[in-house]
Asker: 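Structure in structure tokens, see below.
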Amino acid sequence: MKKILHYVSLILYLLLIGFSGLDSWSASRYRVSAILSYSNEPYHQLGDGFRKFFRGKNIDIQFSEYSLENYNRAEICEKIIKDKPDLIFAVGTNAAKLIKEKFLTTPVVFGMVLDPAPLIAENVSGVIMDIPVIKKLEMIKKIIPRAGKIGVLYSPESVSNYQVIAKISQQAGFRLFAKEILTESEIPGAIKEIFPQIDCFLMIPDSKIFFLKSIQDLLLESLRNKIAVVGLSSPFTRAGALFSLECDYTAAGQQAGQIAWKILQGTKPSEIPPEDPAKISLSLNTLVAERLGLEISPEIKKQAAKIFVEGE
Amino acid sequence: MKFGIAKKIDLLVIGVVVAFGFLLGFYFIQEQRKTLNAELQERMGALITNLSINSEYPVLVKDRIAIARLVKGMLAQKDIIYCRIDDKNRQVLYQEGSIEGNQTKTFGLPIVTEKSAKLSGEELVFNPAAKPGGDKEEIGRATIVISLAGFEKEFAKIGKAVVFVIITFILLAALASSLLLKFILAQPIKHLVLGTKRVARGDLNFKVTLNRSDEIGELASAFNKMTDDLQQTVVSKDYVDNIIRSMIDTLIVINPDGRIRTVNKATLDLLGYREDELIGKPSEIIWTPESSNQPLLEELIGKEVLSGVEKVYLAKDGRKIPMLFSGSVMSSQGEIQGIVCLALDITERKHAEEEKQKLAAQLLQAEKLAAVGQLAGGVAHEINNPIAVILGFAQSLVKRIKADDFLAMPLKSIEREATRCKKLVGDLLTFSRVGKTQAESVDLNRTIDETLSLIETKSKMQDIEIVRNYGTDLPNLIVNKNQIQQVIMNLCNNAMDALSNGGKITIFTRLKDKGNNFVEVVVMDSGEGMSKEVKQRIFEPFFTTKEVGKGTGLGLSLCYEIVKKHNGSIEVESEVGKGTAFTIQLPTNGAKK
């Protein structure tokens, strides 16, 4: 009799555990782990956008978020392993690289990545951060109609980017003046060399060439020489670039969510190539425009998400 | 040069102001120097820091044109005469300017860049201004040299201004303090000093007029009150001085050390001293040796008050003056301040007492004599006849018997004693009959000469010299010549009896008294003298110092009676071993020579 009671108790106990696990599992259908390279505003905007997509769809997602600023790589990997996510959302190049390296089978969607080339893999897809060159060139045409000659500086790190620009600018009817920079000391000389030849300078996201001091120097020279500079984002516009195009981070997050949903539904990541940002923000500096003698049309101003006037 | 209190305070204030001014000036100048220095340091620090920061990129990229621009911009700043940018190997990237003169200062600062952990591509896009942080790396050095000439010039200008202000402050402070002291302190004090001098000169009516409500005003009020009180005191003192001056009694105040402190006029007049001859001298100067003041003063200090003590003062001319002395101790808060001696000249009183005593003695003597005279007269008269019978028969029997008869000696004794009795009875009868005098105008000197001639022989036998010292202008006296002779005779006989071993008898005659109302006869011998006790009884009847049978003791009593009957006086002065002098005074009754 005692034995019977013992076995019945055991079965009931096991059933209880099983049902609670089952309830837990059935409460969150999908598990997504997000890893952020940095814990700052644009990254959070992207993350919010990602979650907003699923909320909008009423998709039940158990979302875990980790930042490389708060945990080291090993800790994050451990947490992700424990989470057993259905999908990993990597925000920023560093996070994406880590996940791609450590998780070869789990689907990965990236965001906030300028250059996706190093991340290409079977289980990886995402939204590219960089604005397509053609968009920039189109905007140059709108804002600086007389601009025909464009200058760029590039380094070995951004040579691929340069090559794309070179190809498209030619297609778009621009003459490109480019200078490769190998050392920081070449930058001032290169700027001085290019500026007399161009109407507009196009910045390429290359931290080897563009850092605080060189950016200051570039913008100062551009204002002195009345050469328009196309910046990389609104901070550049505020600092002295004529205009900048950047992606809308929240929209990009939603876009990434959409890609993630497709993958969760069964599409293979390799079948979804990395996408350019669907929504682009324009920022204008009217003071620089005035300095350059440019009149910016009201329509363009309407398009701008941010307009920087004097002293802002 | 005399420095008044105002000048002293003035000098002190000026000294303090000058010292303070210089200290303040020195401190201020030093502080200004520090401030200017600090400002210079701050300005140069800001400039060099800016240069260092702004040079970071040009140095990094070796942009010499940008560096030159920065250096030129620096040289355009005030006081900067030289600027240089070096790379990290201290190779000059650019320099401009020249270092001239000694008054320069160099400022230098490393040019650093932060070693950046590379920004990732996306970080470059959305936060190009983010400083990635990391180790600082020195990539060069910025140096500027400034000329301190401008600084020193500025400092000198400030220094001159400070010195000018300080000197002005000192002068103004000195002037202000001088004026203030003059009006607040110097003038009122001068006024008070003037008042003090006036009061010292005796002008007690002077009043200090200072209408002030401060301490000076209080001092002036106190001064005026003091002069009022002083005036009262002086009046009181004059009053007291007058009293002391007017006193008949002598007043001497002696200090505790025994020296004379104060004497009044009466004392000076009595003793014949000047005030300066007594003040400050030991008080012994006025006491006779016998009546030394020391025990008296000790007794006085013990009892505090003495009254009615007879003392003898010593005058300047040596006179001894009997005084009735009273004294008291003057003390304040238990400390003896002096001894007040009050004394009254009792010379007249003494004389009067002596006279009184003498008169009493004389009266007693006269009464005695009168009594004796009456008794003697009665007794003598009764026994005169029996004595005569006894003497008669004794003489008759002595003549009849032989010398070797056994009755011869007894009979001679009877004769001798009967003779003596007869003489005694005769004396008594004479004594009792002295009453009426048969007066006549007598030349006293001649009368005395006649008397002396009777005893001259005897005197020579006793080796006694008789000296006559007669006055020449004596008037004749209206006296009983025989009785006067008897008096002279008795006195001379007594003198000769006293000169048993020889000697001298001097007889003086002179006019006595200012009005020449008395003639004085003095019989003086250089004999044994008599004691005080004998002198007191010398005129008593039957009193004698001679052996029994040598005298009746009635001689001087008889002299006394005779002189008294003549309205004169007889006195004796004698001292044992020094002789005796009988002085007789007889009235002239207005008679003139």
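Side chains included, hydrogens not; waters and symmetry mates left out as well; all remaining heavy atoms used.
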Asker: So what's closer than 4.5 Å to chain B heavy atoms on D115(A): side chain, backbone, both or neither?
Answerer: neither
Asker: Show the nearest heavy-atom pair for residues V125(B) and L232(A), with the distance to one decimal.
Answerer: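 Of all heavy-atom pairs spanning V125(B) and L232(A), the closest is CG1-O, 3.4 Å.
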Asker: Given heavy-atom pairs under 4.5 angstrom as the criterion, report whether the side chain, backbone, both or neither of S214(A) touches chain B.
Answerer: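 For S214(A), heavy atoms of backbone and side chain both lie under 4.5 Å from chain B.
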Asker: Taking everything shown except K192(A) itself, do over 12 heavy atoms lie less than 6.0 Å from its NZ?
Answerer: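 Result for NZ/K192(A): enclosed.
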Asker: Which heavy atom of K213(A) sits nearest to which heavy atom of I53(B), and what is that distance?
Answerer: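 Closest heavy-atom pair between K213(A) and I53(B): NZ-O, 3.4 Å.
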Asker: In this structure, are over 12 heavy atoms from other groups packed under 6.0 Å from L11(B) atom CG?
Answerer: yes
Asker: Please classify the contact between M112(A) and chain B as side chain, backbone, both or neither, with a heavy-atom cut-off of under 4.5 Å.
Answerer: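 For M112(A), the contact with chain B is made by backbone and side chain together.
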Asker: Verify the neighbour count for atom CD of E42(B): are there more than 12 heavy atoms of other residues, nucleotides or ligands below 6.0 Å?
Answerer: no
Asker: Should we say atom CG of N211(B) is surrounded by more than 12 heavy atoms from elsewhere, each under 6.0 Å from it?
Answerer: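 No.
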Asker: Does any heavy atom of chain B fall under 4.5 Å from the side chain of P188(A), the backbone, both, or neither of them?
Answerer: both
Asker: Side chain, backbone, both or neither: which part of E246(A) has a heavy atom under 4.5 Å from chain B?
Answerer: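 Looking at E246(A), nothing touches chain B.
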